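Reading through the structure tokens given below for one structure.
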Amino acid sequence: MLEISKQYNPKEVEDKWYKFWEDNNLFKAAANLDKKSFCIVIPPPNVTGILHMGHALNNTYQDILIRFARMNNFQALWMPGTDHAGIATQNVVERQLAKEGLTRQDLGREKFLERVWAWRQQYGSTIINQLKKLGASCDWQRTRFTMDEAYSQAVAEVFISLWDKGLIYQGDKVINWCPRCQTALSDEEAPHQELESHLYYLKYPFKDNASEFVTVATTRPETMLGDSAVAINPKDRRYKKFIGKTLILPLIGREIKIIADNIVDMKFGTGAVKVTPAHDPNDYALGKIHNLEFINIMNPNGILNNKAGRYQGLDRFKARQLILEDLKNLGLLEKIEPHKLSVGHCYRCHTIIEPYLSRQWFVKMKPLAKPAIDAVKKAKIKFYPSRWEKVYLNWMENIQDWCISRQIWWGHRLPVYYCNTCLQQADELTVNSEQLIVNKNGIIVSKTKPEKCPTCSSTDIYQDSDVLDTWFSSWLWPFATFGWPAKDEKIIKDLKYFYPTSALVTAPEIIFFWVARMIMAGFEFMKDIPFSDVYIHGTVRDIQGKKMSKSLGNIIDPLDVISEYGADALRFSLVSITSTGQDVFLSKEKFEMGRNFANKIWNASRFILMNVSEQALVNIEASKLNIQERWILSRLNNCTARVSKQLKAYEFSESAKQLYEFFWHEFCDWFIEIAKEDIASGRQMTKAVLVLCLKEFLKLIHPLMPFISEEIWSRLPNVTSSIMIEPYPVSNAKLIDKKIDREMEFFISLISRVRNLRVEASIEPQKPINCLVSVDSKKDLEFLESLSAKFKQLTKSETTTFAIKIRRPTKAIASAESGFTIYLKLEGTTDIANQLSKLEKQIDLLEQSIKNTSDRLENKEFLKNAPEEIVNQQEEKLETDKNTLEKIKQIYNALRD
RNA sequence: GGGCGAUUAGCUCAGUUGGUUAGAGCACCUGCUUUACACGCAGGGGGUCAGAGGUUCAAGUCCUCUAUCGCCCACCA
């Protein structure tokens, strides 16, 4: 046993056990009708991803749930996989190409995609390997990728199904456009951030009188090049008379009309608003209603085009500066005011979004949202913490159509084909007020390329070049990972068994992107919820509360923490620090807690293993247990009950604290210390209890700290199989003994008092003392006498006398609590003044407390309203306080004399 | 403009349905090479629970308002 090192070294342990678990297929889960299923689908990390603290937290929770369920005899499946992450991945590969001086256009679509697949081949499993370091017990043989052939079939199937139902349409709309990525984005992909900007007041002269103007206010002056009207509110007295008049658009010289619309806010700016239908969603609506010209002034890359006159070729922000200068020179810039505005930013590259008119594909969301709203309202799906339900419902009830087409190459290409012949014959596609394409001629939606056009039999057919939003594949994750819509027997069996899944664990920023859409897809395609519980955890931040990001340089790399402190330390620290749903502020030092705890577990185990031989342990018989053994079993079962309850309720940090408290402060601090002498004297029952407690504790902690628990487990006598497949401990209520708990509390406070007295009296730590304990009742006396050897051992006293109400010995210092007074024979000098002041303080506190309590008990309202239990409690408290006060006063008076 | 969260010890945070003297980890102070562990042991100091009002026999906990910080949503050009 001596080969066990003094310090726990996770490096020697973790990889070994992970390999063992994988080699023995312990993460594997197939449909098994003899067991209940428990399934979690992993939030698929991006293939470009590297493990960060957010992943560490997210996956630790999932692993805890899965391991807990597995040990509770569920058929537990954690379905892993990665997401192709369209824009993100394309950006990574394009950056790589740029280093070679190439663009994706240089390669062409096909060659570029080959490059991406090659990249994926090389780096795509990085994050999977990192999850393994964390201890994630996913069924890796099932690992899915959103661009797998089967998965892509599911995506196409879904597109076609929605198209057939009229829920997908192509339309011209002002959408969020990223000029850097050069693609459309959904509203969720263009989060707004507030900027300190300006409101510019521009003067537009009248056609018939160039010395008169209408002043408009705008935050994006460059868009004036595309103006096709100025709008005012018809009720606005200032402008009423101008309705229908013509203005000359400065710099461009185009004639534009003044129109009236109720949408215009008279109080904002000047009350007159420039209308740019191709570059603003509101103006677009106005343009539709008033039949205005849609003038697109910009190329997809944010450079102004030939509609921009002499500003053609300039970047949108350079053009803004120049236009302002020019207007100023012409005397047409009235003023500039500081103005806060919130602007959309590309969620991938943070470039400012351009509202941009283009033809895109959309999903009509309102019909999909309905069952998804009901499911949450009727609690078929529950959020933890529940406050997220409101956020979810608010979004769902105001849901907008979803722009799903992206002008990039990496992703699922739209299963849409165009017949050139039909398109040429068809009139320009007309769009009705709902943005639905009315004339579908020429559009063919199909899983594979049709050989000829079903309408005209032409073979001049080409595929739409757009790909689908990444989330258009992710929203199918809970069932497409099982192989839906294929009809193989195995796939159907698995789906039926594991779907709906049990819990989904994710961060709040993913609720709209993914959680909400999965719920909608679940109802639409599986006719059922995708999961019943959604656990939303907080965001991991640095110690100043900032999000961790590479650019801020405030990242704590989980892999560093693992290599320095171990995966168990990482997991345990994260979970204990993070309270339900709150953001967590991290610094490296915080992981010391987990490391220290692992080390404590290690050393306590080392101690037990050094003292327990390989021989068969005696059976534990309740009747043969002594007080401390009964006590620790009571505490163990109390802990077991609470931890199980907490894990079922997603109270992870509570369970971590519970386990920490039990193991460190009850088992190690008291039981092992007390047990040392019993071990020395060869008491077999104590050894059996030690081993039992350790075993049960290891099982309890295993979901949180899988590696160290497995390592120690494997070293225990008579252990042959993995702790992973042990049944999770169940609390035995009969062993929870409140009376013993109270008695031990009494004993513990007695020991603490003695130790405290020692320090106060400056008695050297090792010096044996003579201790007299006076108790109030015979019952207490008997109890203490049964523990008298332990008392001596723990207080290092040479002689100990217990008695009922002894008289105070001369030359002694003393200390008291309600049930006892302790006297230490005084030798040499002691700091009496210090003693007195301590006692005075104690007296003050007690007197205050007694006053409060008796006031309460004299209050008739209190007696009338408070439950009996509380009244009794207060009466008891008054008694014990009085009792203690009396004792302390005696000590005080004696000492003073 | 709406919504949510936070404000408790020097720091980071717990505190279940209101009910004894408000807890933990870290940091701090005093001791300790006590043969499991200094990543440790023993003892200790430290809080007007952001502020104001209210409900109640009883408020850190419930209600209202205020302040500060943070996050999310929203087509104020």
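Just so we're on the same page: letters track the sequence lines, and every chain starts at 1. Everything numeric in this text was worked out from a predicted model, so none of it was measured. Computation of the quantities below employed the complete heavy-atom set of this structure, encompassing side-chain atoms and omitting hydrogens, waters and symmetry-equivalent molecules.
- Taking a cutoff of 4.0 Å between a charged side-chain nitrogen and a carboxylate oxygen, A:Arg517 and A:Glu188 qualify as a salt bridge.
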Every protein N/O lying under 3.5 Å from an N/O of nucleotides 5-10 of chain B:
residue, atom, partner, partner atom, Å
B:G5, O2', A:Gln582, NE2, 3.2

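- Salt-bridge formation is detected for the pair A:Asp678/A:Lys790: a Lys NZ or Arg NE/NH1/NH2 atom is positioned less than 4.0 Å from an Asp or Glu carboxylate oxygen.
- Along RNA chain B, the nucleotide nearest A:Glu861 and the nucleotide nearest A:Arg595 are compared for position; the residue whose nucleotide lies closer to the 5' end is A:Arg595.
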Dump the pairs, protein N or O against N or O of nucleotides 33-38 of chain B, anything under 3.5 Å, distances to one decimal.
residue, atom, partner, partner atom, Å
B:A36, OP1, A:Lys676, NZ, 3.4
B:A36, O3', A:Arg606, NH2, 3.1
B:A36, O2', A:Asn603, OD1, 2.7
B:A36, O2', A:Arg606, NE, 3.2
B:A36, O2', A:Arg606, NH2, 2.5
B:A36, N7, A:Lys676, NZ, 3.3
B:A36, N6, A:Glu673, OE2, 3.1
B:A36, N3, A:Asn603, O, 3.1
B:A36, N3, A:Ala604, N, 3.2
B:C37, O4', A:Asn603, OD1, 3.0
B:C37, O4', A:Asn603, ND2, 3.4
B:C37, O2', A:Asn599, OD1, 3.1
B:C37, O2', A:Asn603, ND2, 3.4
B:C37, O2, A:Lys600, NZ, 3.1
B:C37, N3, A:Lys600, NZ, 2.9

Tabulate atom names and distances for all N/O pairs under 3.5 angstrom spanning the protein and nucleotides 67-69 of chain B.
none

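- Distance check on atom P: B:U17 versus B:G10 gives 27 Å, rounded to whole Å.
- The backbone N or O of A:Met266 sits nowhere less than 3.5 Å from a side-chain atom of A:Asp236 that would complete a donor-acceptor pair.
- Contact of the A:Met593 side chain with the A:Phe572 side chain is registered, since non-hydrogen atoms from C-beta on lie closer than 4.5 Å.
- Residues satisfying the side chain to side chain donor-acceptor pair (under 3.5 Å) test with A:Arg220, not counting sequence neighbours, are A:Glu354.
- Remark: A:Glu189 engages A:Arg406 in a salt bridge (Lys or Arg N to Asp or Glu O under 4.0 Å) (not counting sequence neighbours).
- Scanning for side chain to side chain donor-acceptor pair (under 3.5 Å) contacts around A:Glu389 gives an empty result, with sequence neighbours left out.
- Among the atoms of the strands shown, only primed sugar atoms or phosphate atoms (P, OP1, OP2) are found under 4.0 Å from some heavy atom of A:Asn859.
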Exercise. Starting at the 5' end of RNA chain B, write a dot or bracket for each base, bracketing those in Watson-Crick or G-U wobble pairs whose two distances are under 3.5 Å and using | for partners on another strand.
Key: (((((((..((((.....[...)))).(((((.......))))).....(((((..]....))))))))))))....

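- Look at A:Glu798 and A:Lys792 and you find no salt bridge, because none of the NZ, NE, NH1 or NH2 atoms lies under 4.0 Å from a carboxylate O.
- Of the residues in residues 745-758 of chain A, A:Ser752, A:Arg755, A:Asn756 come within less than 4.0 Å of RNA chain B through at least one heavy atom, sorted by number.
- Residues A:Lys851 and A:Glu847 are not paired through a salt bridge, judged by the lack of any N-O separation under 4.0 Å between the basic side chain and the carboxylate.
- Residue contacts for A:Pro867: at a heavy-atom cut-off of 4.0 Å it reaches a base atom on one of the strands shown.
- Listed by chain and number, the residues in a side chain to side chain donor-acceptor pair (under 3.5 Å) with A:Glu745 amount to none (sequence neighbours excluded).
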Practice problem: Evaluate salt bridge (Lys or Arg N to Asp or Glu O under 4.0 Å) for A:Glu337 paired with A:Lys335, printing each intermediate quantity in order. | Solution: CA-CA 7 Å; A:Glu337 282 176 351; A:Lys335 61 175 172 177; 3.2 Å; yes

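- Within 4.0 Å of A:Tyr8, counting heavy atoms only, lies no atom of the nucleic acid at all.
- A:Ile870 comes within contact range of at least one nucleobase, with a heavy-atom separation under 4.0 Å.
- A:Lys390 comes within contact range of the sugar-phosphate backbone alone, with a heavy-atom separation under 4.0 Å but no base atom that close.
- Residue A:His665 is classed as a sugar-phosphate contact, given heavy-atom separations below 4.0 Å to backbone atoms only.
- Counting heavy-atom neighbours within 6.0 Å of A:Glu397 CD, excluding the residue itself, gives a total above 12.
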Could you give the side-chain donor-acceptor pairs of residues 863-875 of chain A under 3.5 Å, partners two or more places apart or in another chain?
residue, atom, partner, partner atom, Å
A:Asn865, ND2, A:Glu861, O, 3.0
A:Gln874, OE1, A:Arg856, NH1, 2.8

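- For residues 649-674 of chain A, the salt bridge (Lys or Arg N to Asp or Glu O under 4.0 Å) pairs, not counting sequence neighbours, are A:Arg635-A:Glu666, A:Glu673-A:Lys676.
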Quiz prompt | Footprint string (nucleotides 71-77 of chain B, 5' to 3'): B base within contact, S backbone only, - free, heavy atoms under 4.0 Å | solution = --S-BBB

